[in-house]
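Data block below; observations after.
Numbered from 1 within each chain, the chains take letters A, B, ... in sequence-line order.
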2 protein chains.
Amino acid sequence: MAQPRIPRERSLTYGLVETLGQLIVTGAFATQPFPTEGELSRQHGTSRSVTREAVKMLTAKGLLRARPRQGTNVTVESQWNLLDPDVLRWLLERKFSLQLLAEFTEMRLAIEPAAAALAASRADREAIEQIRAGLERMHAASQGDDEPVAADIAFHTAVLVATGNRFFAQLDPMINTALRISIRFTNRIKGRAADIAQHEEVLDAIVAGDGERAALAMRALIGEVLELIATAQAPPAARRGGRSSA
Amino acid sequence: MAQPRIPRERSLTYGLVETLGQLIVTGAFATQPFPTEGELSRQHGTSRSVTREAVKMLTAKGLLRARPRQGTNVTVESQWNLLDPDVLRWLLERKFSLQLLAEFTEMRLAIEPAAAALAASRADREAIEQIRAGLERMHAASQGDDEPVAADIAFHTAVLVATGNRFFAQLDPMINTALRISIRFTNRIKGRAADIAQHEEVLDAIVAGDGERAALAMRALIGEVLELIATAQAPPAARRGGRSSA
DNA sequence: CTGAGATTAATAATCATATAATATGTCCGG
DNA sequence: CCGGACATATTATATGATTATTAATCTCAG
């Protein structure tokens, strides 16, 4: 009679959202129709309440659309809300593509230099301390005393917050999510130590209140990432010794 | 026994989301605690299912947080997802502030010039036709033959889509929502006819494939809006004949 | 008095079931 | 061939009961 006491770090509903979200983005329902409410409940052993709420959340993320009698359907990919950290994470983790990573980096190239410039003109002492703390974590990480990915993310988050602009700050969860996967990729290509100096340049410019220089430094930083991705995307024939792709 | 047949354009759940969302952003629960599940059902005459699903959607938008025993609470404003069109609309319509509008425009200033540059380098014939169509609607609107707000929005949407970058395209619903209110404001300050030429410059640059010029033109366009807002925000003493604010 | 640990109680989370509303297709009469 | 009545599948809504979680309270040894 005693339930197995499965400790779940999240509720049943969120667990189901996670499971279904990953299935959807990987195209599990591209050929077969999306299950009906009752079928979902049976397949995943959850009540209809839980099922319904999970479907509702996925609808809010733009992945599903439910209508009476017609059933629940997966929407076309262009309607998926990439700005939602969950959706973005599912795509990058379960259906990774350099193309998507390139598009994401392209957007960072628009956002973050502007954020650095705003930070230079407006960051208060506390905000600058946060940026500095991120940089110091990167230094520590290069010595093996901190987690390099977390350190890098802390730096970029601090810059976004330092803008004092709520919209830039709101982009943080999404950028953090993608950055985590992005770094995983770029780390395989080049060492981290090299660009700590570039991050330092960004901080210096912000402290000096020089928005233009801060933007340029940030642009250089992200531009390099974009180039790395573009290189990896280039047809293998253009690279030495690459395996032919077909 | 016949139900009153109230035609509801949206479901009960979405109606409740709308109602509660507006109440939350206007601070209706700043002093009093947020009602419990059962109380909400009674107050709004909806079932617990509907109530729960509405709460879940507002949780996804970052406005609420529900925990057993503690109840459901309104989160701190910094956690509200401004990138969600609903949240943004509620804020701008029900709790308008020039400060928020300024921050939004600041972000457009980062996004849209970059989008214009990308469009210049990548837009295909179809995408350019969409931008041109938007511009032509603006012309028509200046003659009273179209809706000026819709025309302006169509133009900016077309540029975002023309980037071929899914992230820029995804920003569209949010920018559209805020633009609708933004234009309502700036229209009160200046006539629209003046800046059609500037929009034309953006299109010309994109057609010519000149990303830098396209970005500059777009930046000028949005920069003017930001200046308008900044002027309106300036302390009344700095303006001629303004009423004292206290 | 104090603090750690056990107990209680309030509330969301989940489950189960029933009814209503709404599209979608089918069939029949014209 | 067409249009409307009707059947049907599925989501939407409603309701009551049970379970899990956790803040608050109480207990009691120190």
Side-chain angles (χ1 to χ4, degrees), chain A residues 1-21 23-24 29 32-75 79 86, chain B residues 1-21 23-24 29 32-76 79:
Chain A
M1 194 61 83
Q3 293 285 6
R5 272 280 302 139
I6 302 167
R8 27 174 216 272
E9 62 182 25
R10 279 127 103 209
S11 65
L12 284 183
T13 303
Y14 284 98
L16 186 56
V17 166
E18 194 70 21
T19 303
L20 291 179
L23 284 174
I24 291 169
F29 306 109
Q32 58 178 313
F34 194 82
T36 186
E37 198 174 287
E39 285 169 16
L40 277 179
S41 297
R42 249 180 293 115
Q43 289 172 11
H44 297 91
T46 52
S47 72
R48 283 190 38 213
S49 315
V50 169
T51 306
R52 280 192 55 73
E53 285 171 24
V55 167
K56 199 125 236 168
M57 295 194 72
L58 290 168
T59 302
K61 294 175 191 299
L63 267 52
L64 294 177
R65 167 166 182 216
R67 299 181 64 186
R69 162 73 200 180
Q70 185 183 329
T72 305
N73 298 289
V74 175
T75 58
Q79 292 194 20
D86 288 330
Chain B
M1 193 58 83
Q3 293 286 5
R5 272 279 304 139
I6 301 169
R8 28 176 215 271
E9 63 182 26
R10 280 128 104 209
S11 65
L12 285 184
T13 302
Y14 284 98
L16 186 55
V17 166
E18 194 70 20
T19 303
L20 290 179
L23 285 173
I24 291 169
F29 306 109
Q32 58 178 313
F34 194 82
T36 186
E37 194 176 290
E39 284 168 16
L40 276 180
S41 297
R42 249 179 292 114
Q43 289 172 11
H44 297 90
T46 52
S47 74
R48 293 210 339 267
S49 318
V50 169
T51 306
R52 280 192 56 74
E53 285 170 23
V55 166
K56 199 124 235 165
M57 295 194 72
L58 291 168
T59 302
K61 293 173 190 301
L63 267 51
L64 294 177
R65 169 170 180 210
R67 298 179 64 187
R69 160 73 199 181
Q70 187 183 327
T72 306
N73 297 289
V74 175
T75 58
V76 295
Q79 292 194 20

Separation of [Y] [atom2] from [X] [atom1] (nearest 0.5 Å):
| X | Y | atom1 | atom2 | answer |
| --- | --- | --- | --- | --- |
| Met57(A) | Asp86(A) | CE | CG | 7.5 Å |
| Thr59(B) | Leu63(B) | OG1 | CG | 9.0 Å |
| Arg52(B) | Thr46(B) | CZ | OG1 | 12.5 Å |
| Lys56(B) | Tyr14(A) | NZ | OH | 5.0 Å |
| Leu16(B) | Glu53(B) | CG | CD | 10.5 Å |

Next on the checklist: Please determine whether a side-chain nitrogen or oxygen atom of Thr13(B) lies at a distance below 4.0 Å from atom OP1 or OP2 of dA12(D).
Outcome noted: no
Next on the checklist: Does dT14(C) have its OP1 or OP2 closer than 4.0 Å to a side-chain nitrogen or oxygen of Ser47(A)?
Outcome noted: no
Checklist entry - Would you say the side chain of Ser49(B) and the base of dA14(D) hold a donor-acceptor pair, judged only by whether the two atoms sit under 3.5 Å apart? => result yes
Next on the checklist: Please pick, from dT14(C), dA12(C), dA14(D), the nucleotide with the shortest atom-to-atom distance to any side-chain atom of Pro68(B).
Outcome noted: dA12(C)
Rounded off to whole Å, could you give me the [atom1]-to-[atom2] distance for the [X] and [N] pair?
| X | N | atom1 | atom2 | value |
| --- | --- | --- | --- | --- |
| Gln70(A) | dA23(C) | CD | P | 9 Å |
| Leu12(A) | dT21(D) | CG | C1' | 13 Å |
| Arg48(A) | dT15(D) | CZ | P | 16 Å |
| Leu16(A) | dA13(C) | CG | C1' | 14 Å |
| Glu53(A) | dA13(C) | CD | P | 8 Å |
| Arg52(B) | dC15(C) | CZ | C1' | 11 Å |

Item to check | Contact list for DNA chain C against residues 58-67 of chain B - heavy-atom distance below 4.0 Å | outcome: Ala66(B), Arg67(B)
Item to check | Nucleic acid contacts - residues 33-46 of chain B versus DNA chain C, non-hydrogen atoms under 4.0 Å | outcome: Thr36(B), Glu37(B)
Checklist entry - With distance as the sole test, does Thr75(B) use its side chain to make a donor-acceptor pair with the main-chain N or O of Arg65(B) at under 3.5 Å? => result no
Checklist entry - Closer to the 5' end of DNA chain D via nearest nucleotide, is it Gly71(A) or Lys56(A)? => result Gly71(A)
Checklist entry - If you take all heavy atoms of Leu23(A) and Phe29(A), which pair is closest and at what distance? => result CB-CE1, 3.8 Å
Item to check | Nearest heavy-atom neighbours spanning Thr51(B) and Glu37(B) | outcome: CG2-O, 3.9 Å
Tabulate protein N/O versus nucleotide N/O from nucleotides 3-8 of chain D, keeping only pairs under 3.5 Å, one per line.
residue : atom : partner  : partner atom : Å
dT8(D)  : O2   : Arg69(A) : NH1          : 3.2

Item to check | The single option from Leu20(A), Asn73(A), Thr72(A) passing side chain to side chain contact (heavy atoms under 4.5 Å, CB included) against Leu64(A) | outcome: Thr72(A)
